Amino acid sequence: MSTRPPKSRVSLTVLAFFHTIRSTVRVLSVNIDHVATLRQARQETFPDPVQAATFVQLGGADGITVHLRLDRRHINERDVELLKRTVQTELTVEMAAVEETVKFATRVKPAQVTLVPELTTEVTTTSGLDVMRNAAELKPFVRRLKRAGIRVSVFVDPEKAQVEAAAELGAQVVELNTDRYSRDVTHRQDILAQLAETAESARALGLVVHAGHGLDYWNVVPVVEMDIAQGFSIGFSIVARALLIGLTEAVAEMKQILEVHS
Ligand code: PXP
């Protein structure tokens, strides 16, 4: 597969024109957990996700997302607190609905909290929250977050019953899980149709629809073209690409230091 993102055959000017006349504005919140993962791999103070957030916003991101996991394997409280004070766009914190994290969120007050299921054994979040089954447990947490002025989103699999349960719960946003869409290439069209149908049901219930997990520079295109979501939460593909396209410059800087000081 080519390492270049897909090129459009139409010029940027034409794209910009269509962009201005389209009614739906897509927002991108970039998940920067992976920067913290690199920091933690060496138990270092860098690369700092707080600094990364500045570069991400310079690139045009509409928001910054971080996942405060219960095991603090990447993002920690210090990161969230500093991001809250420095992010110029919108801060979203993904978290499990438990007392410890909800208490922290109501104190720090990010713009949005996205409730996700969390397993200690998982490499990353893969399944959506079972809102139907856990509604009674989730309700008081949602109420507390909203009372603190925080917008509440729930990460759910693309199923009508789950978005209905999310609306019933009082969530304002549903983030549709695109993990299966991103992996199961054979059934991609069916999953896309399921995402579109679920998004429609969610919008009819007054929910804002976001999409995320496993989206990259290629597979995001049909999701955008089918108008499935207004907001996108994308992390790994962006951070991975940044690493590759930034390497040449990083090496050249070190070479220059070696030459200048020889
Ligand atoms: N949305 C949710 C709820 C997630 O847990 C994650 C991963 O942290 C993402 C979106 C971003 O996924 P990716 O890193 O695969 O783009």
Side-chain angles (χ1 to χ4, degrees), residues 5 26-38 40 49 52-53 56 59 61-76 79-80 83 90-98 101 105 110-131 134 138 145 151-159 162-163 166 171-185 191 195 198-199 202 207-221 223-224 228-243:
R26 271 47 170 250
V27 294
L28 170 65
S29 190
V30 178
N31 183 312
I32 54 170
D33 294 348
H34 313 287
V35 177
T37 300
L38 193 57
Q40 295 314 113
V56 165
D62 305 289
I64 298 292
T65 296
V66 287
H67 186 170
L68 184 68
R69 294 191 76 100
L70 294 170
D71 61 9
R72 307 294 189 271
R73 69 170 76 152
H74 38 56
I75 294 294
N76 57 40
D79 301 330
V80 180
L83 285 166
E90 266 212 348
L91 178 63
T92 292
V93 182
E94 297 171 357
M95 56 173 60
V98 296
T101 46
Q112 179 176 300
V113 160
T114 300
L115 297 174
V116 298
E118 212 174 287
L119 298 172
T120 45
T121 48
E122 68 194 0
V123 174
T124 177
T125 319
T126 47
S127 65
L129 196 58
D130 190 342
V131 185
N134 300 298
L138 292 167
L145 290 164
R151 190 169 64 234
V152 176
S153 169
V154 285
F155 181 61
V156 294
D157 290 331
E159 294 162 17
Q162 291 293 350
V163 298
Q172 294 118 314
V173 181
V174 275
E175 180 180 333
L176 299 182
N177 182 5
T178 47
D179 178 66
R180 213 181 126 233
Y181 163 77
S182 72
R183 288 170 193 274
D184 189 351
V185 183
I191 304 169
L195 281 162
T198 313
L207 292 161
V208 171
V209 180
H210 289 178
H213 214 287
L215 294 175
D216 62 29
Y217 293 80
W218 288 267
N219 67 24
V220 76
V221 177
V223 183
V224 177
I228 287 168
Q230 183 184 333
F232 289 85
S233 175
I234 307 179
F236 190 75
S237 60
I238 295 176
V239 176
R241 184 161 181 79
L243 188 68

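Counting convention: from 1, in listed order, for ligands and their atoms alike. If you're wondering where the values come from, they're calculated on a predicted model, not measured in any experiment.
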Pairs under 3.5 Å, nitrogen or oxygen of ligand 1 with protein nitrogen or oxygen:
from: ligand 1; atom 1: 1 (N); to: Glu94; atom 2: OE2; distance (Å): 3.4
from: ligand 1; atom 1: 1 (N); to: Glu175; atom 2: OE2; distance (Å): 2.5
from: ligand 1; atom 1: 5 (O); to: Glu94; atom 2: OE1; distance (Å): 3.1
from: ligand 1; atom 1: 5 (O); to: Thr125; atom 2: OG1; distance (Å): 3.1
from: ligand 1; atom 1: 8 (O); to: Asn31; atom 2: ND2; distance (Å): 3.2
from: ligand 1; atom 1: 14 (O); to: His34; atom 2: NE2; distance (Å): 3.3
from: ligand 1; atom 1: 14 (O); to: Phe236; atom 2: N; distance (Å): 2.9
from: ligand 1; atom 1: 15 (O); to: Gly214; atom 2: N; distance (Å): 2.9
from: ligand 1; atom 1: 16 (O); to: Gly235; atom 2: N; distance (Å): 2.7
from: ligand 1; atom 1: 16 (O); to: Phe236; atom 2: N; distance (Å): 3.4

Legend entry - Verdict with reasoning, Gln112 to Glu175, per side-chain contact (heavy atoms from CB on, under 4.5 Å): CA-CA 12 Å; Gln112 179 176 300; Glu175 180 180 333; 5.6 Å; no
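When each of Ile234, Thr178, Val116, Asn31 is paired with His213, the side chain to side chain contact (heavy atoms under 4.5 Å, CB included) condition holds for Thr178 and for no other.
A donor atom on one side chain and an acceptor atom on the other are not found under 3.5 Å apart for Thr114 and Thr92.
Judged as a side chain to side chain contact (heavy atoms under 4.5 Å, CB included), and not counting sequence neighbours, the contacts of Val208 are Val173, His210, Gln230.
At least one donor-acceptor pair closer than 3.5 Å links the side chain of Asn134 to the backbone N or O of Asp130. When atom types are taken as modelled, the side chain of Asn177 and the backbone of Asp179 share a donor-acceptor pair closer than 3.5 angstrom.
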